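Since the model is a prediction, treat every value here as computed from it, not as a measurement.
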Amino acid sequence: MSFGSDVKRELCRQAVSRKCCAVAEAFGVLLYGNACTPQLMKVVTESDAFAERLPRLFRRAFGVAFDTAPEAGQEGKRTFAVTEPGKIEAIFQAFGFSAQSSVTLHVNFGILEEACCRTAFLRGAFLAGGGVTDPAKRYHLELATTHRKVCLETEALLLDLGFYPKDTQRSGTSVIYLKQSDAIADFLTFLGAPVSAMAVMEAKVEKELRNGVNRRVNCDTANLTKVVDAAQEQIAAIRRLEERGELARLPDKLRRTAALRVEHPEATLAELAAMLDPPVTKSALSHRMRKLVELAGEAER
């Protein structure tokens, strides 16, 4: 089961109670569904929960039943359709339109005056034409409709509600989308899916923790690589001095430092500095190491 399916199942747990909200939700369903014309109103869905909700929603909103509905127990894509002219006219009138004279569909904000109705409208739009990706993979939520004017008016509604979506065209379909995890979580909460919203935020926290660990590991690895490279350079210099008989003629502090480095090739400068008797500072030991490398270089010239 996909994350998007889980979101729709959670949204469908919302009761179909107030008639005004049922009308607003059905409005969103039809504007973002597959067809909304004077001849045909059609919604196709693969969501079990949405397929179960649709007949109850339309009875509550318009007092009508679908003329075409899937058989009980049917799986996969299920088609719901209204074709009877009288029913279509009643639905158009509930939206403030006329099946005979309305040419271009648009969002009638007159039926979205109440806050609960705006929520219901957007919930219907998401159930019929929305999708959201698994937040563990990436952040993307969208609403898609074939009606360009509806898309722009929905975008204006979202802006008024404090969301800042972007829009695009995709194969003749107008798409509104959100890409920020916080915005997606807030929108899902607004629609009535707080559990799914929490899943988005949990995925974000997990990603941030994982990225933080990766950054620290990469940093530690880089530092360790520098330590190893420096140690190898210092040991090679000491070997050259030893081969040329130069090491034995060096001051005692440099000979003891060289011996300690060869004995502990994996140790950091701070660790080597603490091993000396008496201990010295890291800066002092670093100076000695540079001197050994410089002397080895001079010996080769």
Side-chain angles (χ1 to χ4, degrees), residues 1-14 21 24-34 36 43-47 49-50 53 105-109 111-112 114-211:
M1 192 67 68
S2 69
F3 180 73
S5 298
D6 291 341
V7 173
K8 292 186 178 182
R9 184 165 55 252
E10 184 179 0
L11 290 177
C12 287
R13 296 193 190 108
Q14 298 288 322
C21 292
E25 184 175 328
F27 192 26
V29 167
L30 289 172
L31 291 182
Y32 281 81
N34 300 82
C36 185
V43 180
V44 180
T45 182
E46 294 186 31
S47 168
F50 187 35
R53 182 181 183 83
L105 291 174
H106 64 89
V107 178
N108 181 1
F109 290 100
I111 65 174
L112 305 181
E114 299 293 331
C116 58
C117 294
R118 291 193 287 273
T119 299
F121 170 78
L122 290 170
R123 181 169 58 244
F126 182 82
L127 287 171
V132 58
T133 58
D134 184 345
K137 298 177 181 177
R138 65 190 181 100
Y139 304 121
H140 181 84
L141 181 147
E142 68 178 36
L143 300 173
T145 177
T146 56
H147 309 290
R148 181 61 179 164
K149 189 172 183 180
V150 169
C151 173
L152 296 176
E153 291 173 337
T154 304
E155 186 173 4
L157 173 62
L158 288 171
L159 287 169
D160 188 56
L161 292 170
F163 298 100
Y164 299 92
K166 295 182 180 180
D167 69 86
T168 188
Q169 293 287 111
R170 185 193 299 150
S171 302
T173 300
S174 296
V175 181
I176 306 169
Y177 62 92
L178 297 170
K179 286 285 191 182
Q180 295 76 33
S181 58
D182 291 347
I184 292 172
D186 290 344
F187 185 64
L188 292 177
T189 300
F190 176 80
L191 293 185
V195 175
S196 298
M198 184 63 69
V200 174
M201 297 314 296
E202 287 175 351
K204 178 184 179 182
V205 170
E206 185 176 337
K207 284 181 182 179
E208 290 176 346
L209 286 173
R210 186 162 55 246
N211 290 339

Query raised in the report: Side chains of F126 and L143: closer than 4.5 Å at any heavy-atom pair?
Result: yes
Query raised in the report: Can you check whether L161 reaches R118 side chain to side chain, under 4.5 Å on heavy atoms?
Result: yes
Requested in this report: Find out whether P194 and L188 are in side-chain contact, i.e. whether some heavy atom of one side chain is under 4.5 Å from a heavy atom of the other.
Outcome: no
Requested in this report: Output the distance between atom CD1 (I184) and atom CD (E142), rounded to the nearest 0.5 Å.
Outcome: 10.5 Å
Query raised in the report: Can you tell me if NZ on K166 sees more than 12 non-hydrogen neighbours from other groups inside 6.0 Å?
Result: no
Query raised in the report: Is there side-chain contact between L122 and L158, with heavy atoms separated by less than 4.5 Å?
Result: yes
Query - Shortest non-hydrogen contact between V44 and N34, atoms and distance - result: N-OD1, 2.7 Å
Query - R9 (side chain) donor-acceptor with A49 (main chain) under 3.5 angstrom - result: no
Query raised in the report: Can you check side chain to side chain contact (heavy atoms under 4.5 Å, CB included) on F50 and L11, steps first, answer last?
Result: CA-CA 9 Å; F50 187 35; L11 290 177; over 6 Å; no
Query raised in the report: Are D182 and K204 within salt-bridge range, i.e. N to O under 4.0 Å?
Result: yes
Report task. Starting from the C-alpha separation in whole Å, work towards a yes-or-no answer on side chain to side chain contact (heavy atoms under 4.5 Å, CB included) for L159 and Y164. Result -> CA-CA 6 Å; L159 287 169; Y164 299 92; 3.6 Å; yes
Requested in this report: May I ask you to test the V7-L191 pair for a side-chain heavy-atom distance under 4.5 Å?
Outcome: no
Requested in this report: Can you measure from CG (L141) to OG (S181) and round to the nearest 0.5 angstrom?
Outcome: 12.0 Å
Query raised in the report: Which atoms form the tightest heavy-atom contact between A183 and L178, and what is the distance?
Result: O-CD1, 4.0 Å
Query raised in the report: Taking Q169 for the side chain and V175 for the main chain, is one N or O donor matched with an acceptor at less than 3.5 Å?
Result: no
Report task. Could you tell me which non-hydrogen atom of C21 sits nearest to which non-hydrogen atom of A120, and how far apart they are? Result -> O-CB, 3.4 Å
Requested in this report: Kindly write out the residues that satisfy ring-ring contact (aromatic ring centres under 6.0 Å, His included) with F3, not counting sequence neighbours, or none if the list is empty.
Outcome: none
Query - Carboxylate-amine/guanidinium contact E25 R53, below 4.0 Å - result: yes
Query raised in the report: Got a second to check how far S47's OG is from L127's CG, nearest 0.5 Å?
Result: 7.0 Å
**Report entry** Closest contact, heavy atoms only, M201 versus A185
**Finding:** SD-CB, 3.5 Å
Query raised in the report: What residues, two or more places apart in sequence or in another chain, satisfy salt bridge (Lys or Arg N to Asp or Glu O under 4.0 Å) together with E10?
Result: none
Requested in this report: Please list, chain by chain and in numerical order, all residues satisfying side-chain hydrogen bond (donor to acceptor under 3.5 Å, both in side chains) with R210, sequence neighbours excluded.
Outcome: E206
Query raised in the report: Is the side chain of S174 donor-acceptor paired with the backbone N or O of H147 at a distance under 3.5 Å, no angle test?
Result: no
Query - Side-chain donor/acceptor of K179 to backbone N/O of R138, under 3.5 Å - result: no
**Report entry** Test item: Y177 and H140 side chains (from C-beta on) under 4.5 Å apart, heavy atoms
**Finding:** yes
Query raised in the report: Between the side chain of K8 and the main-chain N/O of G131, is any donor-acceptor distance below 3.5 Å?
Result: no
Requested in this report: Can you spot which of T146, V107, T173, T145 makes a side-chain contact (heavy atoms from CB on, under 4.5 Å) with C151?
Outcome: T145
Requested in this report: Check the pair E202 / K207 against salt bridge (Lys or Arg N to Asp or Glu O under 4.0 Å), numbers first and verdict last.
Outcome: CA-CA 9 Å; E202 287 175 351; K207 284 181 182 179; over 6 Å; no
**Report entry** Residues forming a side-chain contact (heavy atoms from CB on, under 4.5 Å) with T189, sequence neighbours excluded
**Finding:** A197
Query raised in the report: About how many Å separate CD1 of I176 and CD of E153, when rounded to the nearest 0.5 Å?
Result: 10.5 Å
**Report entry** ring-ring contact (aromatic ring centres under 6.0 Å, His included) against Y32, all qualifying residues, sequence neighbours excluded
**Finding:** none
Query raised in the report: Among F109, F27, F190, which residue meets the ring pair (Phe, Tyr, Trp, His ring centres under 6.0 Å) test with F121?
Result: F27
Report task. List in chain and number order the residues that pass salt bridge (Lys or Arg N to Asp or Glu O under 4.0 Å) with E46, two or more places apart in sequence or in another chain; answer none if no residue qualifies. Result -> none
Query raised in the report: Are Q180 and D186 close enough that some pair of their side-chain heavy atoms sits under 4.5 Å apart?
Result: no
